[in-house]
Each structure stands twice: as C-alpha cells, then as structure tokens.
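Heads up, the thing below is written out as structure tokens.
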Amino acid sequence: MKLAKAYEPNEYEPNIYALWEKSGAFKPSGKGEPFSTVMPPPNANGNLHIGHALDMGLKDISVRYKRMRGFDTVYIPGADHAGFETWVVYEKELGKQGKSRFDFTREQLYGQVWDFVDQQRGNMELQLRAIGVSADWEKLVFTLDSKVIKTVYSTFKKLWDDGLVYRGERIVNYSTKFQTSYADIEVDHKQEKGTLWHIAYPLIDRDGEIIIATTRPETLFGDTAVAVNPNDERYKDLIGKKVRLPLADREITIIADDYVDAAFGTGAVKITPAHDPNDFEVGKRHDLERIQVIDFDGTMMNVPEEFKGLEVVEARKATLNALKAKDLIRKEETIEHTVGYDYKSGLPIQPLIKDQWFLKMEPLAKRALEALENDEITFYPASRKQILKQYLQNIRDWNLSRQIPWGIPIPAFQNVDDENDWIFDEFVTEETIEVDGKTYAREEDTFDTWFSSGQWPFITTEALEGGDLSRFYPTSLMETGTDLLDRWIARMIMLGLYVTDKVPFKDVYLHGMVLDEHSQKMSKSKGNVINPMDSIAAYGSDALRLGLIASRSPGQNQAFGPDRIIAGRNFCNKLWNIARFIENKLGDDYTPAAPVAKSLADHWIISELKTAKETIERTLDNYRYAEASDAMYHVIWDSVADWYIEASKDQDNPDLLAWVIDVSLTLAHPFAPFVTETIWQTLQWHDSLLISETWPEIIDFSEIAAAEFSRVQQLVTEARFVITSLPGNEKYGLLYENDSLIEDNKSLIKRLAKLDRVVSTYQPKGLRLAVSGRDAWLDVSEETLSEHQVNLEERLARTHADIQALEGRLSNPNYVEKAPEKLVTETKQQLEEKKAVVIRLQHELEVLKI
RNA sequence: GGGCGCUUAGCUCAGUUGGCUAGAGCAUCUCGUUUACACCGAGAGGGUCGGGGGUUCGAAUCCCUCAGCGCCCACCA
C-alpha cells in the first residue's frame, strides 16, 4: 500500500481505535506480573477538558509501555455521576424550563438526572476513545452502578458498626444558592478587606455600654451572649452582667471565655452560636441558646418584621441603618480577614447549624499516616507526601451529607417517634419502613460524591468480591491532578486501608494544571480554553498527546499552547515520511530476513536505538514522561531520519532498515499510538497489531564500528560548517591524506557533506578541516582561503582557551586525586585531542602566511 | 500565622544520587527545488542558570541569606 504524502490523522484514528477495541488488545493478557491503573472517572455530565487529555494521556503511556513489556495490564475506565457537580448543571437546565427541584419528588428528580447523564455519558466515552486511552471498556464502572452502591453501603455499615460514623448537629458550610452543605475542603477561602463595626450594647441595671466588634452585624439578632476574655481587666466586673441586645430587644449575658482575644477589636465579642463555628463552640461550653436568623435559602428569619425575608447583604445594610438611627455605632475600621466562598456560585458560604452525618477521621488518618511513614506509597513528586501528611495530621471530621437528590442515598432511617433513634437499612427506595413495630422514615440526604470515589480502587477491581480483576488490587499507579491530593488521594488511602487493610495503590503520580500559553488558568470566561477535541480534529490525537507531555514535570502547573501541538504533529509527519521512504526503498514484495549490521551506519544506528531504548525504560519506570518522550523524539528524528536514512541512500541494508523502522515504531508507540499503529498496519511484513507487540530486543553490533561512524559524522559536520561559512555556494571537493576511514567511506561522506568529489592526494591544499581531527582539506581557492584566515585564528584561540581550562583542571592535585578515575582519563584524552588540533591549525596558518 | 513551589536562551519549559563545551520546542538569522518529508534539510546566533555568601577538586544541582512571583492550608470576631 502506498502512503499519502502527509499524515492525515483524522483519516486513520477512528479506524485504528476500532481495530484495537475489536481485537481485545485492551484486555489483560492474564500473563506476567500485574500492572493496573484506574481512571479517575470523568464527570458524566459534559465534555472532557485539556486536563483530562493530559491525565489520560500520561496514564495511557504507562499502560501501553507496561503492556509491551509483558505485564498483565489493565486500565479500568469509569464515569462519575459527580453528585453535586452534575446537580448544578441539571438544576440550571430545570431553571431554563422555568422549573425548580421543589416541583418534583426525590424519585422523579433522580430519574430525570439519570436520563440526562445517560445522554451525556456516551459523548464523554467517545471523547476518551479519541484521546486514545487503551482502557478495558468492558470493565467500565459508573459510580451509581449497583455494585458501587453495594460496596459503599457495606463500608458505611462497617463504619457505623465501628462507631466511626455519627449524626450530629454542627455548624456546616452551607451554600444558600444550591441549598446543600459542603465539606470543609470545598470552601474557597479568600483574603479580603472588610469592615469591622464597633457596636454599643447598652448595659442593663447600670449605666454604660459594652462595645462589641463584628464584621457581620446582621447576625446580631441571633446573639445569645457577649463574651470577653476572663483576664481582661477592662471587663472583669462586667462578667455575668446583662446587656440589652439592640434592635432585637432581648437581654443577653456577658460571659468570660478564653477564646476571646483581648487585643482584637474591642476585646468584646458578640456570640452567635447558630452562625459561627467558634461561637457554636463557645455556646456549647456555656450552654447558650441557638437562634437561627438566616434561613437555608439565605434570607432572614426569627427577626423583627422589618428585616424578615431580606437577603443577607440587604439585611446587613438595614441592620446598620437601624443601628445608626439609634446612634449605637461607635466606630468603623477596615480589616483584612478571610471569607469563605461557595466555590461553585462565588457567593459567601453561610455557616449554619444542621444535623448531618459525620465520619470520625482521626483513626482512619492515623493508619494512613503509618502507611506513609512506612513508604508503602511512592509519590511523584515526592514533596506531595509531606503535604499529605500534614493534612492527615490536622484532619477534621468529614461531613458526608449532601442535601441534593442526585447521589447515593444515605442508608439510614429515623424513628418517627424518637429523633435520636437511627437505624441502618439499605431499603432506601422506601420512604418509611417498619422495624420491631416501630416506624422509621428515610434519611433524605445523599452521600458526598467523594465518599464513593474514595473507595474507587477496590470497587473497580472488585477486590472485596474476589472478581477477575481482584489480582490487580492494590493497583500499581494512581495518577491524577495535584488539586485532588486531599479530597481524593487522602480519602482513597484512608478508606482503602480501613476496608481492605491494604494501601489502594503503590505509586501516586500527580500532575499540575494545564495553563494557557501565557501561564494563565484556562477558563471559559477568559476565552483561553484549548478544547482537546478541537485540537484532535486539527492536528490529531498523537500531536495533542506529544504536545501535552513535552517538558512537563510532575506537580508543576505549566503553560501550553498550539506550538507544542504543532511540534507533535510535525513529529508524526516525520515518522510517516520515514515509513514512506522505507516502504518505497523495500518495495511491495519485500519479505524480511534476519537483520545483520554491515556498514558503520548500521552499527551506529543500532547503538543509538539501544541507548534510546534504555533511556526510555529508565525514565518511564520512574514516570519521567517528558524525558522519555524527548529521548524517543530525538532518536527517531535526529538519528534515524537525519543520519541513518540519509546514509542508507548510499549504502542500503534492507533487512536492517526494516528492523530500524520496527524498533522506532515500537519505541514511539506509547507516546504516539495512532500514527505508529497506522504505519505498522501498512508495512506488509506485519500481520499483527503494534499495540500487542513486545518491547524491542536490540541486535548485535560493534561498539567500535559505531564509534567509527561518529568520526565520519564529525568530519561531515565540520565540512558542512566550514562550507556554510564560505562565500558563495559553489561545490567543494574534499582532499585527504592516507586516511582509511575517509577512503572507505568516500561516497557516504561525499553525499552527506554534499561535496563535489572526495579524493586522496599526496599534495593537499586548501582549507584544513583541523577540528575534525583528520588529515582532510577542503579544496578551496587561494583567495577564499586567505579570506578565511580570521576564522582560523578564532578557532585557534578558542582551542587554546579549552586547553587552558583542561590543563588547569589537571594541574589541580585535588582533582586528580579525588575525582573519579574515568573522568580524569577523559580529561587527559581531551587535552591530547585539543593539542593535536592546535598543531594542525598552526600549521595551516603558517602555510597561509607563506 | 503555617506549609509548598517557582525564578535557567526572545517566549514556554526540561535538567533526580553535584562531574564532558547547560538542553528542548517555538521564535530569530543565513543557505538550500539532493529520487521520505517545506508539517523539510544544512548551518548559525542567543544564557555571569534571580542577587549575595558558603560547602566541595568541581555547584543550575547541596546549605545559608536576600529579593520577586505563585499556590495550598488555618475558626481570629
């Protein structure tokens, strides 16, 4: 088959993917040591972004590489119902239809979102295929599959039985926009300027007032105390006295608590247990009443009529106005403080009291810490392990409840006659159940998505059931974004250890964010988003993958622009054209025989491929993808294309040429799977799939012959350099004296250096190629030669400087004694070579002067 | 307040046990229609590796310090 002049990825990629999928190449072989990785399930609610392309691409490189190296390999794909994330998207859809969640029952909503997600999912899975992931699709797990729910429930039951799960009234981070609570780590903290208002609370039973300082005056209606530090002399005799709460016309007591910092504000703090986590704690210590004044929809409640129903922002203004009217504001100061925001809506998070299911994290974190101490998991980059440890050391209990219908229902029921009587039951499709003659009502909340995601490795490998993938647990590699270190990685480790007694993965690779070409975060609003599907359509899947991994190191955010994709595209085309040349050279009826190195170039290219292969192995074994890709790129472009192909136009060795293309394609396959497989399929001597090939074996070659070829290269490079610096563009001949290397490689050198002729002579003249270290001259005219005197002198000076540096090093006794012997020997050798060059150059200059 | 990271060529970045003349892609300049490729070939220019100090025979790499940038965590109202 004849190849088109340029590689057109879109013509081949879908067919190649279908070929792989149909052949069963993605399935584990059942032979060899297991290698497994689990896809961080993309949200089933939309399109993949560039970060997915990076994430999936990196993993796929490892998977393809390990598969070729004979591991029993599996890449388990997934899709995430993405509870809250999907819910937000769906609620927006409802809004467009003029409806709200309150128009439907929980079952109706669940069904509707299910259908919505079902439509989106197919699209997402097609995109994963376009990216080229070699995942075992038959093993795909959706986070709402029954087996997921079953495992999640059994884990919850175990936690319940072990007393690690509890229901409690706590201040939770609440999104009034989406009407659900968040986990602590989902709150976006922003440092900003705010106002600290000093407000006078009049004393009762005596004259005077106490001035409190607050940034949230609107919560004043919920105050149930004023607190001061017990050691604060200013307020000592006020402790226990009562004040009149302005506007609310209620009496509250001044209490003493160590929590209060006498140096901050006025040293007196209003205590609002229902709307501030610290005040909540103070309230517990002093047994204070909790008055909720902000409703779950973000409007005021339990307040005087004029404030009722106001949004928080409005309520603040109204409260301040009312206080001003009564002349109770003593001072306003600007302060820097941190405000928690809803990461999704951008609105402030309201701390509100709610009964929620919590998980006691300390015992779980303790085991995770032990595993980290014991180096049971290797992190790439290593520094993230320390960060994770710190997180685990300061861990807080995890709020598992979400007030959204889209998710896994929490399998708990409450006795309708006794609010403290909760039982575990999986019969969540019923609103009420009867147990022991008592009626129990279903918990309406669902689990935080990350509670199920946190069990992903042992769920997907069916480690608990001993399914046919259970041999892959613990998984080999977990690869995801750095931003998921605490919300996902930490939880997988903790829950993995808790449920299976094993760490869920051996290696963790964390990649940074893909930024735009000016190092700005990509976002729809900035309009700087690179869509992976657009890139694939324009340049091909391999180009995108090559571009994304180039020069990227773990954990580091990195800029990315079209230049890199284009460089990847160009490489694919280069590979394509190497193949075209070889196909043309070998002909349609070529059948390969055992390759044997004949020419110097043959020995050299085998040596080059060997070095590259070893580099790729060493780097890929340590997930240094960029370096591996770089080694692959350069051996193919620089060594195979620029030198070996050129040399083979002069001295051909068909069997070795076939071997070189095969090895090149195999080495490149993990990085550029589509183009390499496409080419493989067109080479008529293959009837197999490249994806299922084994990693190349290097054939015999002579180091000496390979080194000889390097010398030919040196001479050619020197000749090219000198020729380009000469005026005009005439062709020159090469003269040489008694040099068998040149003699034996005459026509090769002539071709590579584009010389007119190469002839042996006893009377050399012209320009000596002194730096090449050979007795060779370019046959140039006397005029050209004298014009080149300056050039020669420059080179002589440079060589002298090199010699000085080398001699300096060798004259240092410490260097000679302490540096490795090999290094010292090399230095000596270099010195000798440089000296020889000087002699040649000097001789040349003398001749010129005559 | 605590922690982490970054600062290397015009741009974006590699450089993992300290060791040849510090690399890549893109960009720039010169030349090139050679029977794979202009999505190309040949060649070139461009860096006191943020500043200062230290350890070492030897530092982009290790230590200290200063400066600038970025991120994460944390209940100071």
Side-chain angles (χ1 to χ4, degrees), chain A residues 3 5-7 171 184-185 189 196 212-216 227 259-261 263-266 268-272 276-281 335 337-338 340 351 381-384 386-387 390-391 394 482-483 485-486 512-513 515 517-519 539 543 547 550-553 555-564 566-585 619 622 624 626-627 630 633-634 641-642 645-646 649 717 720-725 729 751-754 798 801-802 805-806 809 812-820 822-824 826-827 830:
Chain A
L3 297 177
K5 194 169 176 187
Y7 175 54
I171 290 272
D184 293 330
I185 54 178
H189 294 277
L196 187 66
I212 59 89
T214 182
T215 53
R216 301 202 56 192
Y259 150 70
V260 182
D261 175 1
F264 186 89
T266 60
V269 193
K270 66 196 269 307
I271 300 297
T272 323
D276 182 283
N278 293 311
D279 294 6
F280 180 84
E281 293 304 319
I335 56 159
H337 66 151
T338 310
S383 60
R384 302 292 152 162
Q386 197 48 44
I387 299 174
Q390 211 180 310
Y391 169 73
N394 301 307
T482 323
D483 49 324
L485 185 63
D486 45 16
M513 242 186 303
L515 306 174
E517 50 190 329
H518 306 292
S519 298
Y539 303 108
S551 284
R552 188 175 292 273
S553 55
Q556 219 56 47
N557 295 344
Q558 200 205 90
F560 175 68
D563 280 358
R564 286 179 192 272
I566 290 170
R569 188 269 316 257
N570 294 352
F571 175 76
C572 293
N573 193 55
K574 176 55 81 170
L575 207 46
W576 185 257
N577 276 291
I578 293 172
R580 279 183 69 210
F581 172 82
I582 293 178
E583 287 211 315
N584 193 39
K585 189 96 179 161
T619 49
N622 291 294
R624 287 153 58 180
E627 285 170 79
D630 196 56
Y633 178 101
H634 287 289
D642 290 346
I645 295 283
E646 289 309 314
K649 287 175 183 173
T717 305
R720 284 170 175 173
F721 170 69
V722 172
I723 290 168
T724 43
S725 65
N729 47 8
R751 171 186 285 277
L752 293 177
K754 297 191 172 51
R798 219 177 302 153
D802 291 345
L806 292 169
R809 213 182 295 172
N812 180 343
N814 282 320
Y815 175 72
V816 180
E817 277 168 36
K818 293 184 184 173
K822 196 180 150 204
L823 203 65
V824 179
E826 272 174 23
T827 311
Q830 278 169 14

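Each chain gets a letter, A, B and so on, in the order its sequence line appears, and its residues count up from 1. Any value given below was found using the heavy atoms of this structure, including those in side chains, with hydrogens, waters and symmetry copies removed.
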Item to complete: Indicate yes or no for a side-chain donor-acceptor contact from A:Asn557 to the backbone of A:Gly512 under 3.5 Å, with no hydrogens or angles considered.
Response: no
Worksheet entry | Value in whole Å for how far the P atom of B:U35 lies from CD of A:Glu646 | 11 Å
Worksheet item: Between A:Phe721 and A:Val269, who's closer to the 5' end of RNA chain B by nearest nucleotide?
Response: A:Phe721
Item to complete: Between B:A36, B:C76, B:A14, spot the one nearest the side chain of A:Asp261, thanks.
Response: B:C76
Practice prompt. List in chain and number order the residues that pass side chain to side chain contact (heavy atoms under 4.5 Å, CB included) with A:Ala550, two or more places apart in sequence or in another chain; answer none if no residue qualifies.
Written response: A:Arg564
Discussion item. Under 4.0 Å, heavy atoms only, any strand: does A:Ala641 hit a base, just the sugar-phosphate, or nothing?
Written reply: base
Fill in: A:Phe264 versus A:Ile335, closest heavy-atom pair with distance
CZ-CD1, 4.3 Å
Worksheet item: Between A:Ile645 and A:Ile582, is any pair of side-chain heavy atoms under 4.5 Å apart?
Response: yes
Worksheet item: Which heavy atom in A:Ala543 sits nearest to a heavy atom in A:Cys572, and how many Å separate them?
Response: N-SG, 4.3 Å
Fill in: Closest approach of A:Thr215 to A:Leu196 (non-hydrogen atoms, all atoms of both residues)
CG2-CD1, 3.8 Å
Item to complete: Could you state the atom-to-atom distance from CZ of A:Arg580 to P of B:C37 in whole Å?
Response: 5 Å
Fill in: Rounded distance in Å - CG (A:Asn622) to P (B:G15)
13 Å
Discussion item. Once side chain to side chain donor-acceptor pair (under 3.5 Å) is applied, do any residues pair with A:Gln558, and if so which ones, sequence neighbours excluded?
Written reply: none
Item to complete: Between B:G45 and B:U30, how far apart are the P atoms? Round to whole Å, please.
Response: 15 Å
Item to complete: Just need the stems in RNA chain B: three or more back-to-back Watson-Crick or G-U pairs, each with both distances under 3.5 angstrom, sorted by first number.
Response: B:1-7 with B:67-73, B:10-13 with B:23-26, B:28-32 with B:40-44, B:50-54 with B:62-66
Practice prompt. Would you kindly give the CG-to-P distance between A:Asn278 and B:C75, to the nearest whole Å?
Written response: 8 Å
Fill in: A:Glu627, nearest nucleotide to its side chain (from B:C13, B:A77, B:A14)
B:A14
Discussion item. Considering every strand and a 4.0 Å limit on heavy-atom distances, what is the contact class for A:Ile645: base, sugar-phosphate, or nothing?
Written reply: base
Worksheet item: Taking all non-hydrogen atoms of both residues, which atom of A:Glu646 and which atom of A:Leu752 are closest, and how far apart?
Response: CB-CD2, 3.7 Å
Worksheet, complete the sentence: Between CZ of A:Arg624 and C1' of B:G15 the distance, given in whole Å, is 9 Å
Fill in: Test: A:Arg580 and A:Glu583 ion pair at under 4.0 Å
no
Discussion item. Nearest to the A:Gln558 side chain among B:C13, B:C75, B:C37, which nucleotide is it?
Written reply: B:C13
Please list, pair by pair, any protein nitrogen or oxygen found under 3.5 Å from a nitrogen or oxygen in nucleotides 23-26 of chain B.
{"residue": "B:C26", "atom": "O2'", "partner": "A:Asp563", "partner atom": "OD2", "Å": "2.6"}

Worksheet item: Does A:Lys574 make a side-chain donor-acceptor contact with the base of B:C37, cut-off 3.5 Å?
Response: yes
Worksheet item: Between B:A38, B:G15, B:C39, which nucleotide gets closest to the side-chain atoms of A:Lys5?
Response: B:A38
Discussion item. Applying a 4.0 Å non-hydrogen cut-off, can you work out what A:Asp642 is touching in the nucleic acid: base, sugar-phosphate, or nothing?
Written reply: sugar-phosphate
Worksheet item: Do A:Pro351 and A:Ile171 have side chains that get closer than 4.5 Å, going by heavy atoms?
Response: yes
Fill in: Separation of atom CG in A:Asp279 from atom P in B:A77, rounded to whole Å
11 Å
Item to complete: Rounded to whole angstrom, note down the C1' distance from B:U55 over to B:G10.
Response: 36 Å
Discussion item. If the condition is side chain to side chain contact (heavy atoms under 4.5 Å, CB included), which residues does A:Arg384 pass it with, not counting sequence neighbours?
Written reply: A:Phe379, A:Pro381, A:Ile387, A:Thr482, A:Leu485, A:Leu510
Response to the item:
Of B:U34, B:A36, B:A74, the nucleotide closest to the side chain of A:Thr338 is B:A74
Taking only nitrogen or oxygen atoms into account, show me every contact under 3.5 Å that the protein makes with nucleotides 4-9 of chain B, one pair per line with its distance.
{"residue": "B:G5", "atom": "O2'", "partner": "A:Gln556", "partner atom": "NE2", "Å": "2.9"}

Worksheet item: Which residue, A:Ile582 or A:Asn812, contacts RNA chain B at a nucleotide closer to its 5' end, judged by nearest heavy atom?
Response: A:Ile582
Item to complete: Provide, to the nearest angstrom, the distance between the CZ atom belonging to A:Phe571 and the C1' atom belonging to B:C37.
Response: 13 Å
What N/O pairs connect the protein and nucleotides 19-22 of chain B at under 3.5 Å? Give each pair on its own line.
{"residue": "B:C20", "atom": "O2", "partner": "A:Gln830", "partner atom": "NE2", "Å": "3.2"}
{"residue": "B:U21", "atom": "OP1", "partner": "A:Arg809", "partner atom": "NH2", "Å": "2.9"}

Practice prompt. Quote, to the nearest angstrom, the P distance that separates B:G50 from B:A60.
Written response: 10 Å
Item to complete: Take the protein atom CG of A:Asn814 and the nucleotide atom C1' of B:G58, then report the distance between them rounded to whole Å.
Response: 10 Å
Worksheet item: When you compare B:C66 with B:C73, how far apart are their C1' atoms, in angstrom units rounded to a whole number?
Response: 26 Å
Worksheet item: What's the shortest heavy-atom distance between A:Asp279 and A:Lys270, and which atoms?
Response: OD2-O, 3.3 Å
Worksheet item: For A:Ala641, what residues pass the side chain to side chain contact (heavy atoms under 4.5 Å, CB included) criterion, not counting sequence neighbours?
Response: A:Lys574, A:Ile578
Worksheet entry | Between B:G54 and B:U61 - C1' atom distance, rounded Å | 15 Å
Discussion item. Please classify the nucleic acid contact of A:Phe264 as base, sugar-phosphate, or nothing, using heavy-atom distances under 4.0 Å.
Written reply: base
Discussion item. If I pick the P atom on B:C64 and the same atom on B:C26, what distance separates them, to the nearest angstrom?
Written reply: 39 Å
Worksheet item: What about A:Arg569, does its side chain sit under 3.5 Å from the base of B:C39 through a donor-acceptor pair?
Response: yes
Item to complete: Please measure how far the C1' atom in B:G47 lies from the corresponding atom in B:U28, and state the result in whole Å.
Response: 16 Å
Worksheet item: Nearest to the side chain of A:Ile578 - B:A36, B:G43, B:C57?
Response: B:A36
Worksheet item: What is the nucleic acid contact for A:Lys649, judged by heavy atoms within less than 4.0 Å: base, sugar-phosphate only, or nothing?
Response: base
Worksheet item: Sequence neighbours excluded, which residues qualify as salt bridge (Lys or Arg N to Asp or Glu O under 4.0 Å) partners of A:Glu826?
Response: none
Response to the item:
With sequence neighbours left out, the residues meeting side chain to side chain contact (heavy atoms under 4.5 Å, CB included) with A:Asp563 are none
Worksheet item: Who are the ring pair (Phe, Tyr, Trp, His ring centres under 6.0 Å) partners of A:Phe571, not counting sequence neighbours?
Response: A:Tyr633
Discussion item. Measuring only the P atom in each nucleotide, how far is B:A59 from B:G52? A whole number of Å is fine.
Written reply: 15 Å
Discussion item. Please enumerate all residues that pass side chain to side chain donor-acceptor pair (under 3.5 Å) together with A:His634, with sequence neighbours excluded.
Written reply: A:Asp630, A:Asp638
Worksheet, complete the sentence: Quick note, A:Ala6 side chain, CB onward, closest among B:C37, B:C39, B:U34 is B:C39
